[in-house]
Protein chains: 2
Amino acid sequence: MPAQPGTADAALKLEEFLPYRLNVCANIVSTALSRIYAEHYSIGVPEWRVLVTLGQFGMMTAKAIGIHSHMHKTKVSRAVAMLERRKLVVRRANRDDLREAFLSLTPAGRDIYSDLAPSALEFARQLMETVEPADRAALGRALNKLIEHAAQIASDIAKGGKPG
Amino acid sequence: MPAQPGTADAALKLEEFLPYRLNVCANIVSTALSRIYAEHYSIGVPEWRVLVTLGQFGMMTAKAIGIHSHMHKTKVSRAVAMLERRKLVVRRANRDDLREAFLSLTPAGRDIYSDLAPSALEFARQLMETVEPADRAALGRALNKLIEHAAQIASDIAKGGKPG
DNA sequence: ACAAATTAGTTGCCATTGAAACCATGGTCA
DNA sequence: TGACCATGGTTTCAATGGCAACTAATTTGT
């Protein structure tokens, strides 16, 4: 018997635990969204992010895409490779630094982007509409703070935890 | 050239896009948290969830754990298998239905739980403290609404999208 | 100018994960 | 009772993703 499952220390309840709730929320939302575009274009989340990032900025390096979209460089590399194979993205050498290359959407890529962006915005709009109007700004602020704080903690631990 | 990267349709900006922000937030928070316990106990998120769920309820089936913790049954199965190997969880047959089994923490498992739960709560508390006091309740409500709505959409699409 | 360190990007490898198939048991209903 | 369906749980398989090693190009320090 678990004694009293949780009396000792203010009771940890999974369903009220913020990190857990954030994960569940992000997963469900992300799944719902990707169901919408995965069927149409047969792309996954990383490809979608690359497409959207290039649609937003027009031309940039893989590294910059990774930073902007919070993706590991291997993820970016593979997503770009597949978009390139599908002729949705082109790579242009940077004559001033041959390690990197400038990436941009092809006309075909832009077509998909301009088809995909409005429905993404619409999805987000509908999602936001379910949140009480008075709570919307608070949600935005809260996410900012949480991201900022957690990133701080994670990097602190990364430094302190593995000395040498 | 990308014309104007986003003038046509209210501009999709990844860094302001709610599903994206939720994902980034959930990942960073989750990483920060797991850094804390992964080093101490060498367990991953699924094992942590099983442990916490059993700590909360004392005794339940794998299926119930999956429902409560939003995990796929294979994930639960594997997490339980590893916790069993480490003698942190025991399996007791249900004589009334031999398909399922009742799982619960061993004393060793409970020791870890009662060590781990307070630090998880402390982590969540610190996290929540970074959010403006006035925004905290709003965050909770918003997450509820988002989860509810997105789950609805996802299941609608699942049904409508794949008829037959 | 050149060796050493750094950086952009790719690839090989391995762990994690979900879908689907599978096994064993239990329920249904004719 | 016995043929069917449903359910809890495990296993197999393929895809995904991150780490670390690698290549090629650039920067730094002397």
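The sequence lines fix the lettering, A, B, ..., with proteins before strands; numbering per chain opens at 1. Being a predicted model, the structure only gives us computed values, none of them experimental.
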Separation of C/dG9 P from A/I65 CD1 (nearest whole Å): 9 Å

Per-nucleotide protein contact string for nucleotides 3-14 of chain D, where B marks a base within reach and S marks sugar-phosphate only (heavy atoms under 4.0 Å, - for neither): ---BBSBBBB--

Spacing between B/K75 atom NZ and C/dG18 atom P, to the nearest angstrom: 4 Å

Salt-bridge criterion met for B/R125 and B/E122 (N-O under 4.0 Å): yes

Rounded distance (Å) that lies between atom P of C/dG27 and atom CG of B/L98: 10 Å

For A/T61, side-chain contact (heavy atoms from CB on, under 4.5 Å) partners two or more places apart: A/K63, A/A64, A/E100, A/F102

Atom-pair distance (CG on B/N27; P on C/dT16), nearest Å: 17 Å

Separation of C/dT16 C1' from B/E47 CD (nearest whole Å): 10 Å

Any A/H72 side-chain N or O less than 4.0 Å from OP1/OP2 of D/dC19: yes

First encountered from the 5' end of DNA chain D, between A/P46 and A/N94: A/P46

Whole-Å distance separating the CD1 atom of B/I43 from the P atom of C/dA15: 19 Å

Divergence of helical axes at both termini of the helix from C/dA1-D/dT30 to C/dA30-D/dT1 - five pairs an end, 10° steps: 20°

Contacts of A/S104 that satisfy side-chain contact (heavy atoms from CB on, under 4.5 Å) - sequence neighbours left out: A/M59, A/V90

With A/H68 via ring pair (Phe, Tyr, Trp, His ring centres under 6.0 Å) - residues at least two apart: A/F57

Shortest non-hydrogen separation from A/Y113 to A/Q56 and the atoms involved: OH-N, 4.1 Å

Centroid separation B/W48 to B/F123 less than 6.0 Å: no

Under the side-chain contact (heavy atoms from CB on, under 4.5 Å) test, residues paired with B/N27 that sit two or more places apart: B/N23

Check ion pair B/R141-A/E132 (N to O, under 4.0 angstrom): no

Integer-rounded Å distance: C/dG9 P and A/I67 CD1: 10 Å

Protein-nucleotide distance (A/R85, atom CZ; C/dT10, atom C1'), rounded to Å: 13 Å

Exam field: side chain A/R91 to backbone A/A101, donor-acceptor pair closer than 3.5 Å: no

